[in-house]
Amino acid sequence: MCTMIVEKAQISGTGKGAKGWFPVSQVNVSFDHPANAPLDHALNIDFVNEAQGPGARVAVELSPESGQELVRAILVALERGGSHLAQPST
Amino acid sequence: MYETDQYEGMLAETTTVRGHGGDLINAYIAKPMGPGPHPSVVLIHHMPGWDEWYREATRKFAHHGYVAISPNLYFRAGHGAPDDVAAKVRADGGAPDDQVVGDVEGAMQHLRSLPYVNGKVGVIGTCSGGRNTVLAASCVKGFSAAVDCWGGRVVMSEADLTPAQPVAPIDYTEDLSCPLLGLFGEDDDSPTPEQVAIHERELKKHGKDYEFHMYPNAGHGFFYYHRPSYRQEQALDGWARIFAFFEKHLAA
């Protein structure tokens with residue numbers, strides 16, 4: 001690892017990987033060398049299910065600016081979702 | 001170097017070696033055909049994992065007459081596509097230094113056990129593999145030459161230390177047991193030219209045999225032909241220096 005910058009969070013939801021949908025239980029966010037994006041360093045976001053092995057991963061590698069835009073969009077969507085957050089899921 | 005009328009062949013395959021703690025891990029080995037004795041090299045893979053580039057590089061060394069082996073340092077993280085396995089290791093803070101050193105030592109001992117190896121073993125790595133090359137060449141006896149290609153985090157501040165990487169490799173400089181070749185890019189931010197200079201001062205202080213080259217107009221990973229970081233002129237010069245260095249130190 002070259003920066004070792006990684007943040008993890010426990011999450012609940014599903015993601016669609018190479019073999020279809022699967023439950024995601026953790027998100028790993030790192031700022032390090034990407035595997036594919038044409039950047040020296042990228043914001044790498046992996047939605048994973050560790051119990052299902054390394055292949056249970058939905059990955060994106062974003063430029064830092066794109067990461068900021070993603071954060072902004074998520075926060076706006078959550079805010080607009082507003083009161084729905086307080087309601088139990090069905 | 002080869003000539004057009006000479007016979008050439010190699011065998012390249014996955015195998016297993018005993019790594020850290022006696023664990024069996026897999027490895028990719030490429031060996032020139034013929035009785036030898038051949039010099040040999042351990043390749044320490046980079047952060048993106050035990051991937052296609054490292055298999056190609058392993059075969060490249062066999063093409064140049066070396067028995068070459070690249071151990072899978074991420075074996076314990078499970079199996080899948082190299083980038084998926086590497087992502088898991090990245091999330092877990094990287095492979096622990098002591099485990100890496102043990103796995104690299106196991107690969108070196110495997111080479112030493114082969115009857116067609118001349119008894120000389122080099123070690124080389126890029127990116128985190130460059131760092132781990134410095135680490136292994138300092139913590140393990142038995143290498144005859146080491147090549148660090150743009151290894152970051154050789155020089156570390158206290159804040160950079162982690163449970164997996166508890167000691168900066170530069171702190172082991174006194175124990176470096178073989179000549180070291182370093183290839184770096186001026187535009188790299190890990191290691192920065194300043195960090196390379198700090199490392200160089202430490203090598204000088206301890207009277208170590210080293211040779212560093214800092215390439216202009218190159219950043220991190222300038223050998224990687226599949227990445228925007230590729231720099232053709234610098235990469236060709238770098239490979240030439242690597243083979244000259246290993247020829248000098250690993251020939252029987």
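Here is the naming used below: chain letters follow the sequence lines, and residue numbers restart at 1 for every chain.
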Chemist: With a 4.5 angstrom heavy-atom cut-off, could you sort out which part of B/H46 is near chain A: side chain, backbone, both or neither?
Modeler: neither
Chemist: Would B/W239 and B/F223 count as a close aromatic pair, with their ring centres under 6.0 Å?
Modeler: yes
Chemist: Identify which part of A/I5 has an atom lying under 4.5 Å from any heavy atom of chain B, answering side chain, backbone, both or neither.
Modeler: neither
Chemist: Evaluate the ring planes of B/Y215 and B/H213, with Trp represented by its six-membered ring, and classify them as parallel (under 30°), tilted (30 to 60°) or perpendicular (over 60°).
Modeler: tilted
Chemist: Can the ring centres of B/F222 and B/W150 be said to be less than 6.0 Å apart?
Modeler: yes
Chemist: Check B/D148, B/D97, B/T126 against B/R131 for a side chain to side chain donor-acceptor pair (under 3.5 Å) and give me the one that passes.
Modeler: B/D97
Chemist: Check whether B/P228 gets within reach of chain A through its side chain, its backbone, both or neither, counting any heavy atom under 4.5 Å.
Modeler: side chain
Chemist: Let me know if B/D189 has heavy atoms under 4.5 Å from chain A in its side chain, its backbone, both or neither.
Modeler: side chain
Chemist: Measure distances from B/A81 to the heavy atoms of chain A and classify the residue's part below 4.5 Å as side chain, backbone, both or neither.
Modeler: neither
Chemist: Counting only non-hydrogen atoms closer than 4.5 Å, does A/E50 touch chain B with its backbone (N, CA, C, O), its side chain (CB onward), both, or neither?
Modeler: side chain
Chemist: Run the salt bridge (charged side-chain N to carboxylate O under 4.0 Å, His left out) test on A/R57 and B/D83 for me, step by step, so that the C-alpha distance in whole Å, both residues' side-chain angles and the decisive distance to 0.1 Å come before the verdict.
Modeler: CA-CA 10 Å; A/R57 179 172 79 115; B/D83 58 350; 3.7 Å; yes
